[in-house]
Every structure is written in C-alpha cells, then in structure tokens.
Amino acid sequence: GGSQLADSAISGQTALGAEPADTDEFLVSDAGTLKRVDYSYIKAPAGGAWNKLVRKTVTTGDTIIEFDDSTASEWFSSDYTTYKLIISGLQINETTATNKELHMLMSTGGSYATSNYEGSSWGYLASNTDWSTGVNGGTSDIRITYDNIGGNTGEQSNWEFTFEDPLGTDNYKSVRWDGLNIDHNGQARYDMGVAQLKVETVLDAFKFYLESDFEFRDGTATLYGITY
C-alpha cells in the first residue's frame, strides 16, 4: 500500500538526466490501485511545434529588415519545410508622407532578384463593407501592403508570413501573408497576399523595405521553423 512507499524511494535514487525512453515506467494510482505505466502513454505528442530560430529587433533609422542566411546557413535547414515569420509592432519613422507601402525581395544564389516576381495583395478597410481591389506587385519585387503603413502615435502593423520549402531545387520560392495594418489615416486594414519568385534555386535571404526608402522606427521580426 501507499504507506509502505517512503519519499526516499524517489529522492534517494540517481537522477535520469534525460528524457525517459518510451518503455521507461512510472508508478501511478489508478482509482486507489497502484499500477505502472510506460512513458509512451503520457509524453507530449510529437510535432506541431514552432521552433524559434532567430529574432531581429527593428530600431530607428533602419531602412531594411533582413534575414540573410547565405553564408552561415543557420536558419534554413533540412529540419523544416515550412517557416513562419512574425513581424510585431512594426512602426515607421515618418508621420506625413505617403508612398510608404511595405515591399520584399528574395535572394537566391547570393544576390537579390529584381525580376521574375509574381504576386498580388488585397486589403479590407475596417470602415468599408467589401474588399479593396487587389494590386499586382509587379515583377521587380513583392508588394506586401495594399496601402501605406501609418507612422503616427498608435499606428503600427503586425504580420504573419509563411515560406514553403525554401531549400527546394524543383519549386518556385513562394510566400503568403496576412496581417493588420494601421494606415496613414489611422484606419485599421486587413491585408493579405501571395507571391512567388519564379526561380528554382535555393532561397538564402530575404528582406523588407519601405517604398521611397523611408525608415523604420520600432518592431520585432521572429523566424520560426515549423514541425508537424
């Protein structure tokens, strides 16, 4: 019975020092009856994890937000096929000018491509009742926002980007995104889009920048590898 099991039966033993094997056993009380159970029955299921790879902090004066893996190969690896990028609290260092759309470039083979892009973005303004007309980002880069990003107090944007198989050599390099953008008029806008670089070479870097070379002011950008 339980009265025969002293605390030294656990605390007095050698520590395992690692995750138990599936067949390692635990002692449990099943409605008052002592039984043993394998670790495989109680361990957390595998997969479904967001594994943080790197975080970038945006500071006043930055003109790009860049993830360059062309030399170190620190982030893109065979461990993951899907990657998520979360941009939080993004603010720009400009309060009056227009033409502040967010853009993106991809790099393959160690240099940023300035052609062979294809994509569209759409916006839904909170004060409207239907979707704004989508805009084609053109072929020279990827246009993320339908309209301007706001730079006044309280105006910021938050985004989620998904990259599929950036290390593949038989697929175009694709990205999709959605996010909340507070525009230059202080209005909330839901933006979304899809794009691809029509190149099958391995993706080794990407960066974001503002139209007309405006500066960023604040925010974070965190890259995750996704396991299923």
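Predicted model only: the values in this text are computed from it and were never measured.
- A ring-centre distance under 6.0 Å is not found for Phe67 and Phe163.
- Within the 4.5 Å cutoff, side-chain heavy atoms of Leu125 are placed close to those of Asp183.
- Note: the hydrophobic cluster containing Phe76 also contains Ile65 (ILVMFWY, side chain heavy atoms under 4.5 Å, direct or indirect links).
- Tracing side-chain contacts under 4.5 Å through hydrophobic residues (I, L, V, M, F, W, Y), one reaches Ile64 starting from Ile87; they form part of the same cluster.
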Per-pair distances, 0.1 Å, donor-acceptor, side chain in residues 18-25, under 3.5 Å, sequence neighbours excluded:
residue	atom	partner	partner atom	Å
Glu19	OE2	Tyr39	OH	2.9
Asp22	OD1	Lys43	NZ	2.7
Asp22	OD2	Lys43	NZ	3.4
Asp24	OD2	Ala21	N	3.0
Glu25	OE2	Arg36	NH1	2.8

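- Note on Leu27: it does not cluster hydrophobically with Ile10, by side-chain heavy-atom contacts below 4.5 Å among ILVMFWY residues.
- Applying the side chain to side chain contact (heavy atoms under 4.5 Å, CB included) test between Met106 and each of Leu197, Asp141, Asn116, Val199 identifies Leu197 as the sole match.
- Hydrophobic cluster membership is shared by Leu102 and Tyr209, with clusters built from Ile, Leu, Val, Met, Phe, Trp and Tyr side chains linked at under 4.5 angstrom.
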Take Asp204 and Ser107 through the test side-chain hydrogen bond (donor to acceptor under 3.5 Å, both in side chains) and record every step on the way to the result.
-> CA-CA 6 Å; Asp204 54 37; Ser107 169; 2.7 Å; yes

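- Contact check for Leu90 versus Gln156: no side-chain heavy atoms found under the 4.5 Å cut-off.
- Under a hydrophobic-cluster definition in which Ile, Leu, Val, Met, Phe, Trp and Tyr are linked whenever side-chain heavy atoms come within less than 4.5 Å, directly or via other members, Tyr112 and Leu85 are assigned to the same cluster.
- With 3.5 Å as the limit, one finds a donor-acceptor pair spanning the side chains of Thr82 and Glu164.
- The number of heavy atoms from other shown groups lying within 6.0 Å of CD1 (Ile42) is above 12.
- A 4.5 Å side-chain heavy-atom check between Val58 and Phe208 finds every atom pair outside the cut-off.
- Checking each of Leu180, Asp178, Asn181 against Tyr190 for a side chain to side chain contact (heavy atoms under 4.5 Å, CB included) leaves exactly one that passes, namely Asp178.
- For the residue pair Asp30/Thr33, the side-chain donor-acceptor check at 3.5 Å is not satisfied.
- To the nearest 0.5 Å, atoms CD (Gln91) and CG (Asn152) are separated by 10.0 Å.
- Using a 4.5 Å heavy-atom cutoff, the side chains of Trp159 and Asp191 are in contact.
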